[in-house]
Amino acid sequence: MLDIRLIREQPDFVKEGLRKVGADPALVDQVIELDARRRTLETEASSLRAQRNAGSKEIGRLKDEAEREARKAEMRAIGDRIASIEVDLKAAEADQQNLLLNIPNLPLPEVPYGADERENVVIKTVGEPRAFDFEPKPHWEIGAALGILDIERGTKLSGSRFYVLKGQGAALQRALISFMLDLHIRKHGYTEVYPPAVVKEHCLVGTGNLPKFGDNLYRDIEDDLWLVPTAEVPVTNLHREEILDASDLPIKYVAYSPCFRRERMSAGRDVRGIKRGHQFDKVEMVKLCTPETSRAELDSLIADAEDVCRALEMPYRVVQMCTGDLSFVSAIKFDLELWAPACGDEGGEWLEVSSCACFTDFQARRAGIRYRPEPGARPEFVHTINGSGLALPRTLIAVLENYQNADGSVTIPEAVRPYMGGVERICAG
RNA sequence: GGAGAGAUGGCUGAGUGGUCGAAAGCGGCCGCCUGCUAAGCGGUUGUGGGGGUGUUAAGCUCCCACCCCGGGUUCGAAUCCCGGUCUCUCCGCCA
């Protein structure tokens, strides 16, 4: 959510930002209009309440019965006026809030301008795709042949976009999760969190998934709860409606969680293999920090995510999103992509395994996460940052495809072997 | 799932219709005092919104809302009534 004061005081600046991300700048004028109406009603209601408060206090002191009754009638009339203004005021507040919740974040000045994903910028590419002396197979063939991936039975259980990992396949995924968690906890200084995978609506409003993107979420209507699409949601909301001490910042959390997405908008896309499922696992890093440090904290979070790619010894690249491809909540965003040599239509594909972004105070304002810069100072909103470290099925895909051997076996990356009980390769049978 | 108790400021905890944004204590901050520390003394200490003044600053000032949330009664609600959420205790069930 944008600061209404910023919109009010620098409407042209906000419009320019909205234009860059492809949003309608007219939203600014709409919000300003609603805000003016809201403030008029607010002023009116508050002065009437002041009158009633003063009048009511007086009634308490009056002794003359007739005088009291006269005063009561007067106050009753004011009360009626207040009630009717309050109806309008509540509506105005709701309208304004509603509109504000649907306005995207503004891009940082450094974000390259572009209309859509075609104008994203590859920042760097690390590692060389391996030269195969045989035709590399896609992961769904490798997995099926090794008996570690069963897409048919996943579909039998739960429908399309579900799969089952078995034996060493399941073990490998579990090993990757443990490996990543330990790396971030021990080497990068994150605190591990195990959050609920089911949350209340306000958490999703806090992170910006609602009200706009509800159709990508699974929901339990019975208890009015939602399945999380990422651990970002519960972890960011950990400190919702809190005022943190400046000395507590930055807060660095890493969480493993299952993620659930309906993927209705991507029907027909990525149908082959396990690249895009309704349920997947992810290790997610979340930071809360001061505005002054957020840009540097984003860079270090990206470095932490990259460290996973490096440790797994697979080619990867970092892509910066242009203004037109930023998400609703991001002010700046970088994707990490692992190379998968046999995915895609023609000989390999970069798989998005992490999306690292700074949300400035956009989420913090929605979730009410503040900090006190100095003892006694006015609270300010923190900046939130997050990124995967990394997303699981895709990392698994990359391992299977990059580390496959001519005989159909898959070598386990060295860094993961301790988490696989020392197993060095997965073989058929 | 059944029965009961409760939810007040950073914390503990008073307050049952007006003078309560809320006693007291603790903690925090500022100052005084004191070889140092501790103790002591004085002051101060919630959040949000709106108006005025001011350079769309700092500051000053006035008002409103908030005692879990949402309704209701009343001239007036932390206080009374209804609904909800959460916590605790006991019973049942259970990985």
Side-chain angles (χ1 to χ4, degrees), chain A residues 1-15 28 31-101 194 196-203 205-206 220-226 234 237-249 258 361 364-382:
Chain A
M1 193 159 62
L2 299 180
D3 185 355
I4 182 61
R5 265 170 280 193
L6 176 71
I7 298 176
R8 208 146 66 196
E9 287 161 20
Q10 299 183 52
D12 293 333
F13 170 78
V14 176
K15 282 181 187 176
V28 168
V31 134
I32 288 177
E33 207 178 301
L34 287 174
D35 181 55
R37 173 169 166 71
R38 192 204 101 235
R39 284 193 295 163
T40 305
L41 290 166
E42 177 66 55
T43 307
E44 221 174 315
S46 119
S47 97
L48 283 172
R49 277 191 294 249
Q51 277 181 53
R52 183 179 64 181
N53 288 348
S56 292
K57 264 180 197 171
E58 216 185 308
I59 291 173
R61 289 191 296 261
L62 287 176
K63 293 181 189 72
D64 184 276
E65 202 45 43
E67 215 175 328
R68 283 170 70 104
E69 289 310 316
R71 250 1 242 280
K72 279 191 192 179
E74 245 174 80
M75 291 306 113
R76 204 171 0 241
I78 291 179
D80 291 345
R81 284 175 64 198
I82 293 173
S84 96
I85 289 171
E86 274 178 345
V87 170
D88 294 341
L89 178 59
K90 278 192 179 174
E93 282 169 348
D95 288 348
Q96 182 182 340
Q97 183 72 356
N98 220 14
L99 192 52
L100 277 173
L101 286 175
Y194 172 78
V198 161
V199 294
K200 294 184 183 181
E201 181 177 326
H202 63 235
C203 292
V205 173
D220 169 27
I221 295 177
E222 191 100 335
D223 290 321
D224 198 21
L225 289 169
W226 304 69
N237 279 283
L238 234 34
H239 296 289
R240 72 179 348 265
E241 306 299 336
E242 288 183 21
I243 300 172
L244 302 162
D245 210 279
S247 62
D248 296 334
L249 302 176
D361 60 4
R365 180 169 285 108
R366 289 171 162 247
I369 311 168
R370 293 175 293 173
Y371 77 105
R372 209 179 291 283
E374 307 276 334
R378 194 163 275 287
E380 284 179 30
F381 291 106
V382 301

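All chains are named by letter (A, B, ...) in the order of the sequence lines, taking the proteins before the strands, and each is independently numbered beginning at 1. If you're wondering where the values come from, they're calculated on a predicted model, not measured in any experiment.
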Q. Does B:A65 have a Watson-Crick or wobble partner in any strand here, with both distances under 3.5 angstrom, and which is it?
A.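 Paired with B:U47.
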Q. Paired with B:A39 by Watson-Crick or G-U wobble geometry, both distances under 3.5 Å: which nucleotide is it?
A.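 None - no nucleotide pairs with B:A39, as no candidate has both distances under 3.5 Å.
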Q) Rounding to the closest angstrom, what is the interatomic distance between B:G59 and B:C82 at atom C1'? A)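 Pairwise C1' distance, B:G59 against B:C82, rounds to 47 Å.
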**Q.** Rounded C1' spacing from B:C20 to B:C60 in Å
**A.**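 To the nearest whole Å, 26 Å.
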Q: Give a yes or no on whether A:E33 atom CD has more than 12 heavy-atom contacts from other residues, nucleotides or ligands under 6.0 Å away.
A: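 Atom CD in A:E33 is not packed in, count stays at 12 or less.
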Using atom types as modelled, flag every donor-acceptor pair under 3.5 Å from a side chain in residues 78-89 of chain A to any protein atom, sequence neighbours excluded.
unit_1	atom_1	unit_2	atom_2	d
A:S84	OG	A:R81	O	3.4
A:E86	OE2	A:R49	NH1	2.6

**Q.** Ionic contact status for A:K90 with A:E93, cut-off 4.0 Å
**A.**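 A:K90 and A:E93: not salt-bridged.
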Q.
Any salt bridge linking A:E42 with A:R39? Criterion: basic side-chain nitrogen under 4.0 Å from a carboxylate oxygen.
A.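 No, A:E42 and A:R39 are not salt-bridged.
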Q. Does anyone know the first and last nucleotide of RNA chain B in reach of chain A, 5' to 3', at under 4.0 angstrom to a heavy atom?
A.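 It runs B:G18 to B:G76.
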Q: Would you indicate what A:R71 reaches in the nucleic acid, counting non-hydrogen atoms under 4.0 angstrom: base, sugar-phosphate, or nothing?
A: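 Contact class for A:R71: none.
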(Q) Within the 4.0 Å heavy-atom criterion, would you say A:S47 contacts the bases, only the backbone, or no part of the nucleic acid? (A)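 If one applies the 4.0 Å heavy-atom cut-off, A:S47 turns out to touch nothing in the nucleic acid.
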Q: Could you identify which residues of residues 4-11 of chain A place a heavy atom less than 4.0 Å from some atom of RNA chain B, listed by residue number, or say none?
A: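 Heavy-atom cutoff 4.0 Å gives A:R5, A:R8, A:E9.
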**Q.** Spacing of CZ belonging to A:R366 relative to SG belonging to A:C203, to within rounding of 0.5 Å
**A.**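 So the gap between those two atoms works out to 13.0 Å.
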